[in-house]
Amino acid sequence: MADINLKGRDFLKLLDFTPEEIDYLVNLAADFKKKKQDGVLVDHLRGKNIALIFEKTSTRTRCSFEVAAHDLGMGTTYLDPTGSQIGKKESIADTARVLSSMFDGIEYRGFGQDIVETLAKYSKVPVWNGLTNEFHPTQMLADLLTIRECFGTEKGKTLAYFGDARYNTGDSLMVLGAKMGMNVTLCSNPEYFPDPKLVEECREIARKSGAVIRLETDPHKAAKGADAFYTDVWVSMGEPDEVWKKRIDDLSPYRVTLPLLEEGNEGCIFMHCLPAFHDRNTGIGEKIYEKYGLTEMEVTDEAFESSHSVVFQEAENRMHTIKAVIAATLGYEE
Ligand code: CP
Ligand code: NVA
């Protein structure tokens, strides 16, 4: 753990990190989690401040950055999707130069990966990707910590992802598995498979780790041998409402159900980055019910609430892992 130094690094996508660096961040997060449980203060970054830019909404990521920063002794400024000049009156390059003259780190959640990459290019301080259309790297660290807590290791385990596999979560899980030696099966309608170039790149990376990256259209074949089942919303933030009908038609066969979980390995877990549409208790969930008669979407309520489900443990781990990213890149020393 001691040989790794991430001070000054951006955290934009897992492709930029070695398996050893990813391992280091997850171990640091586990250490922070234990310290938090034991009431040990870690406010070694007192006097530093970070900016949190959210061009899309958030519960977990925003709260994780804020709580993690406060635990580390830092101040935070939240810029919401409407309350700043970003993109409308001021370019990303100018924003980066302004914010990095005032803050010690910048989180960005928004649209294209190119935006966060530009922000990082012009920023003097570390930039952290809090989700783009293409990648969700902080989510991956929380998922890896959760898998380790459940199984001891990710090596040789199989994660099966069901649903929209060509977006941030599916893409990122494939990279995570390839790097860390965890088999990943992406199960969907072929229209929702990831960019073939990214699949090829991940298979190349996986040659070293021993992971098997599989694309599958049959949910039963994907479920067989799976240790972790994972799904995400069928329509992501920033996508137009008009796509709902086709998504429902295309992705309903890939809903995670309790009988499907029972086709997995003994002790298999259910994961979801959240938020999830597993009942009608949300504004969108209710609208979908009124329009299409569906009471649940990517996962049934029964599966979501089952003993397989580790989704809230996974959500808590967002905070500990984001704390590790902030601390490591800003040069936390015990
Ligand atoms: N999983 C996740 O990123 O949640 P939020 O959208 O609430 O941040
Ligand atoms: N794919 C989802 C992930 C939310 C955490 C989205 O982009 O909306």
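Atoms within a ligand are numbered from 1 in the order they appear, just like the ligands themselves. Throughout, residue positions are numbered sequentially from 1 according to the sequence presented. Atoms considered below: every heavy atom in the structure, side chains included; atoms not considered: hydrogens, waters and symmetry mates.
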Inset, instruction - Using a strict 4.0 Å cut-off to heavy atoms of Thr59, name the atoms of ligand 1 that fall inside it. - result: 5 (P), 7 (O), 8 (O)

Legend entry - Nearest neighbour in protein (non-hydrogen) for atom 4 (O) of ligand 1: Arg60 NE, 2.8 Å

Inset, instruction - Side-chain contact test, heavy atoms from C-beta onward, threshold under 4.5 Å: evaluate it for Lys323 versus Leu72 and give yes or no. - result: yes

Inset, instruction - Please determine, by modelled atom types, if Tyr167 and Asn133 share a side-chain donor-acceptor pair under 3.5 angstrom. - result: yes

Inset, instruction - Look at Lys56 together with Asp80 and state whether they make a salt bridge at an N to O cut-off of under 4.0 Å. - result: no

Legend entry - Exercise: do His278 and Glu302 side chains pair donor with acceptor under 3.5 Å: no

Legend entry - Numbered atoms and elements of ligand 2 in range of Leu274, under 4.0 angstrom, heavy atoms: 5 (C)

Legend entry - Closest protein heavy atom to atom 6 (O) of ligand 1, given as residue, atom name and distance to 0.1 Å: Arg109 NH1, 2.8 Å

Legend entry - Under 3.5 Å side-chain donor-acceptor pair for Thr329 and Trp128: yes

Inset, instruction - Output yes when the distance from some N or O of ligand 1 to some N or O of Arg62 is under 3.5 Å, and no in every other case. - result: no

Inset, instruction - Give the residue and atom name of whichever protein heavy atom lies nearest to atom 2 (C) of ligand 1, and the separation in Å to one decimal. - result: Arg318 NH1, 3.2 Å

Legend entry - For Leu131, the ligand 2 atoms whose distance to one of its heavy atoms is below 4.0 Å: 3 (C), 4 (C), 5 (C), 7 (O)

Inset, instruction - Give yes or no for whether the N/O distance cutoff of 3.5 Å, strictly under, is met between Ser236 and ligand 2. - result: yes

Legend entry - Backbone or side-chain N or O of Leu131 under 3.5 Å from ligand 1 N or O: no

Legend entry - His70-Glu66 side chain donor-acceptor pair, cut-off 3.5 Å: no

Inset, instruction - Compute the minimum heavy-atom distance from Lys56 to ligand 1 and say whether it is under 4.0 Å. - result: no

Inset, instruction - Would you mind checking which non-hydrogen protein atom is closest to atom 8 (O) of ligand 2, with the distance to 0.1 Å? - result: Met237 N, 2.9 Å

Inset, instruction - Just need the protein heavy atom nearest to atom 7 (O) of ligand 2, so name the residue and atom and give the distance. - result: Asn168 ND2, 2.9 Å

Legend entry - Geometric cation-pi criterion, Lys179 with Phe17: 6.0 Å, 45°: no

Inset, instruction - Examine Lys157 relative to Phe151 and say whether NZ or CZ is less than 6.0 Å from the centre of the six-membered ring and inside a 45° cone about the ring axis. - result: yes

Legend entry - Best match, Ala276, Ala315, Cys273, Pro275: closest heavy atom to atom 1 (N) of ligand 1: Cys273

Legend entry - Atoms in ligand 2 flagged as close to Asp232, the criterion being non-hydrogen separation under 4.0 Å: 1 (N), 2 (C), 3 (C)

Legend entry - Gln139 and Asp143 side chains, donor-acceptor separation under 3.5 Å: yes

